[in-house]
Amino acid sequence: MKGLRLHNSLSGDKEPFEPLHPPFVGLYVCGPTVYNDVHLGNCRTFLTFDILRRWLTWLGYRVRYVRNITDVGHLENDADDGEDKIGKKARLEQLEPMEVVQRYTVGFHEVMQRLNILPPSIEPTATGHIIEQIQMVEKILEQGLAYVVNGSVYFDVQAFEKRVGGYGALSGRKLDELIAGAGAGRRTLEGQDEKRHPADFALWKKASPQHIMRWPSPWGEGFPGWHIECSAMSTKYLGAEFDIHGGGFDLKFPHHECERAQNLACTGQGGPRYWMHSNMLTVQGKRMGKSEGNALWPRDIFSGDHPLLPRAYSPMTLRYMMMQAHYRSTLDFTPDALEAADKNLAKIREALGFLPHLTGSGVSDFSWSSWQDSLFEALNDDLNVPLACARLLEGLKHLHQVAHKQAHISEEDLEALRSFLPRFVEEVLGLQIQATAPSDASALQALENVMGLLIQLRNEARVSRNYALADQIRDRLQKVGIQLADSREGTTWHLQGSSSVS
RNA sequence: GGUUCCGUGGCCGAGGGGUUAGGCACUGGUCUGCAAAACCAUUUACAGCGGUUCGAAUCCGCUCGGAACCUCCA
């Protein structure tokens, strides 16, 4: 079996993945800016790297996963002169900035948990690393690759190009083209008088009197620039050189390009050796984004309360849906895709449900071991999750045939499958199949009793051929989200989008 | 204007010079009082035009269409 290959944005190609210090892997992912609720697009990126982390772990690597919380420093416009987003939100809502940060951080964690996106090993905040950021700015200044103007510090891209070089290597741009682009009237360059060159960017910004998030620094009161936090925190926790850096495509330029330049300027090393970028989630062909005004939030999906949606879908359904496109492709969000995901998930859930009850005999008429390899191969090939899902379902189809006595599986294969399949689904794909523990056991028991009573009443109606009543009971239960299913063994019920309760 | 990417059957989406992706939906069948679920069967696609090749959806060129980045955004 081939080893793991990952697409590296630096080379634009898939490369064999070789960690610097096996079995350890350092993974850094740009986290959310906590001035708003995370939307589905954000979730997609964090899901991508959740699965990468899970897969690396499965392969036996010991992953240190650092995903930051940006709680300061991202400005409103490109002039390096706008208002801090968190500060703005705080002013609008008359809150202390850290109240804004706290609120959306908690909300972010809640969404991550529901989607079963595991917490990172370290979740550092920008405000918690002001000192490290200042130190990094000082080092860049010492190198002569930055300059101070009026209490602000700017990265000197031209000097960097002359002495170090490689600005634009990640995003595939040339410095003069950036200026040409600027000249084409596509962006306004007002308020950039302090910069020596339009491509220069702020490392530290002087705080205006009304700016509420501010810290003392060698250059006066101010706040860190847009990109320095990730350089500072990745260097602190993973080293000047580490394995993988991930984030959304939209961060490739300028954020990651600047981050890389800062690393090179400060430590002489570019930080990560592999840059991975996860593509955008689109809605009706357009990128989902806060500024596009078409953002969908996880709560819209979970509640079904959205014009695009016919009903509510569970977090796992959403997770599975987002797993249906390769991370480097855009994924168009549609209700049909959610519906399809819901059905497939039910299929997986069912297969895991009957797996323990199967009996093995004779010789398998399906090569389970090469099937398992094919799942691994898919994930090893630049984390091809959708292909792995497709192959998973193919395997489940054979399993259904076994369950229906239309195919055979040897005892040996069955035993292997029993230890492999649930682990693969839950540990690698991160699909929570087990019904979540009820928050109120006595309420659940009461529900069980009531359902038992209803099913009994309906069956009495059926025996007396009162099908009108029987169907009415079934239909009206369905309307409140409870599905009845008749079989030879009797009638079972389940809540929409969860496993069978019986 | 610059850079890059994409265009696959009713829909979503893998793959990618010669062999079935998978799923959803549809249709027929089994099962059922009827449904639902499940199982079986079935549907045969790669934007258009030209080129390379024994052979192209897959490589090259052009055309058309779409998207992303160049500005805070996952």
Side-chain angles (χ1 to χ4, degrees), chain A residues 12 29-33 35-36 38-49 74-79 82-85 168 171-174 176-189 226 246-255 277-282 285-292 295 320-321 324-326 328-334 336-344 346-347 350 354 378 381 384-394 397 400-401 403-406 462-463 465-468 470-471 474-475 478 483-488 492 494 500:
Chain A
V29 171
C30 290
T33 304
Y35 66 102
N36 226 327
V38 284
H39 58 65
L40 291 190
N42 301 299
C43 293
R44 186 189 182 199
T45 297
F46 302 131
L47 173 61
T48 295
F49 294 103
H74 282 204
L75 301 170
E76 282 290 318
N77 63 49
D78 76 326
E83 192 170 10
D84 187 284
K85 283 181 173 176
S171 53
R173 320 168 190 256
K174 296 189 176 79
D176 31 327
E177 279 168 3
L178 288 173
I179 309 161
R186 294 279 312 202
R187 60 178 192 176
T188 48
L189 293 173
W226 317 355
F249 256 109
D250 51 351
L251 294 184
K252 200 184 211 176
F253 188 91
H255 183 59
H277 291 99
S278 136
N279 215 140
M280 301 292 104
L281 189 68
T282 59
K286 293 282 180 194
R287 172 182 164 189
M288 179 182 295
K290 290 162 199 159
S291 49
E292 331 293 324
Y320 192 83
M321 189 218 82
Q324 294 314 106
H326 184 84
R328 285 192 289 115
S329 305
T330 55
L331 170 64
D332 199 40
F333 177 90
T334 60
D336 283 353
L338 266 178
E339 193 62 40
D342 195 57
K343 298 210 162 137
N344 286 331
K347 217 170 274 192
E350 198 201 354
F354 67 63
D381 184 14
N384 198 329
V385 177
L387 187 56
C389 287
R391 289 179 174 166
L392 175 71
L393 288 172
E394 277 182 87
K397 190 171 175 178
H400 271 294
Q401 289 171 351
H404 287 78
K405 312 284 184 213
Q406 285 158 354
R462 290 170 76 199
V463 167
R465 305 186 72 82
N466 186 354
Y467 293 123
D471 290 350
R474 184 176 64 202
D475 296 344
Q478 193 167 20
Q483 176 71 55
L484 291 187
D486 299 323
S487 73
R488 280 201 197 84
T492 60
H494 64 264
S500 174

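Residue numbers start from 1 in every chain, and the chains themselves are labelled A, B, ... in the order their sequence lines are given, proteins ahead of strands. Everything numeric in this text was worked out from a predicted model, so none of it was measured. Only heavy atoms go into these numbers, but all of them, side chains included; no hydrogens, no water, no symmetry mates.
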Would you confirm whether A:Arg44, through its side chain, and A:Asn279, through its main-chain N or O, come within 3.5 Å as a donor-acceptor pair?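 Such a contact is found between A:Arg44 side chain and A:Asn279 backbone.
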Taking N or O atoms only and anything under 3.5 Å, show me the protein contacts with nucleotides 39-42 of chain B, one pair per line.
{"residue": "B:rC39", "atom": "O2'", "partner": "A:Gln406", "partner atom": "OE1", "Å": "2.7"}
{"residue": "B:rC39", "atom": "O2'", "partner": "A:Gln406", "partner atom": "NE2", "Å": "3.1"}
{"residue": "B:rC40", "atom": "OP1", "partner": "A:Gln401", "partner atom": "NE2", "Å": "2.2"}

Is it the case that the base of [N] and the side chain of [X] share a donor-acceptor contact (distance under 3.5 Å, atom types as modelled)?
{"X": "A:Lys343", "N": "B:rC24", "result": "no"}
{"X": "A:Arg474", "N": "B:rC34", "result": "yes"}
{"X": "A:Asn344", "N": "B:rG22", "result": "no"}
{"X": "A:Asp486", "N": "B:rC34", "result": "yes"}

What pairs with [X] under salt bridge (charged side-chain N to carboxylate O under 4.0 Å, His left out), at least two apart in sequence or on another chain?
{"X": "A:Asp250", "value": "A:Arg287"}
{"X": "A:Asp475", "value": "none"}
{"X": "A:Arg391", "value": "none"}
{"X": "A:Glu350", "value": "none"}

Using a heavy-atom cut-off of under 4.0 Å over every strand shown, decide if [X] touches base, sugar-phosphate, or nothing.
{"X": "A:Lys252", "answer": "nothing"}
{"X": "A:Glu394", "answer": "sugar-phosphate"}
{"X": "A:Ala390", "answer": "base"}
{"X": "A:Gly41", "answer": "base"}
{"X": "A:Phe249", "answer": "nothing"}
{"X": "A:Met288", "answer": "base"}

Going by the rule ring pair (Phe, Tyr, Trp, His ring centres under 6.0 Å), which residues pair with A:Phe46 if we only count those two or more places apart in sequence or in a different chain?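 Only A:Phe108 meet the ring pair (Phe, Tyr, Trp, His ring centres under 6.0 Å) criterion with A:Phe46.
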Could you list the residues that satisfy side chain to side chain contact (heavy atoms under 4.5 Å, CB included) with [X], not counting sequence neighbours?
{"X": "A:Asn36", "value": "A:Lys89"}
{"X": "A:Ala346", "value": "none"}
{"X": "A:Ala337", "value": "A:Met321, A:Thr334"}
{"X": "A:Ala403", "value": "A:Phe354, A:Leu358"}

Please tabulate, one pair per line, each protein N/O and nucleotide N/O from nucleotides 11-14 of chain B that are separated by under 3.5 Å, including the distance.
{"residue": "B:rG13", "atom": "OP1", "partner": "A:Asp332", "partner atom": "N", "Å": "3.1"}
{"residue": "B:rG13", "atom": "O3'", "partner": "A:Gln324", "partner atom": "O", "Å": "3.4"}
{"residue": "B:rA14", "atom": "OP1", "partner": "A:His326", "partner atom": "N", "Å": "2.8"}
{"residue": "B:rA14", "atom": "O3'", "partner": "A:Asn384", "partner atom": "ND2", "Å": "3.3"}

Let me spell it out: for each of A:His39 and A:Ala468, pick the nucleotide of RNA chain B with the closest heavy atom. Which residue's pick is nearer the 5' end?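 Nearest-nucleotide comparison on RNA chain B picks A:Ala468.
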Mind pulling the stems RNA chain B is in, i.e. runs of at least three Watson-Crick or G-U pairs, everything under 3.5 Å?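 Runs of three or more consecutive pairs: B:1-7 with B:64-70, B:10-12 with B:22-24, B:27-30 with B:38-41, B:47-51 with B:59-63.
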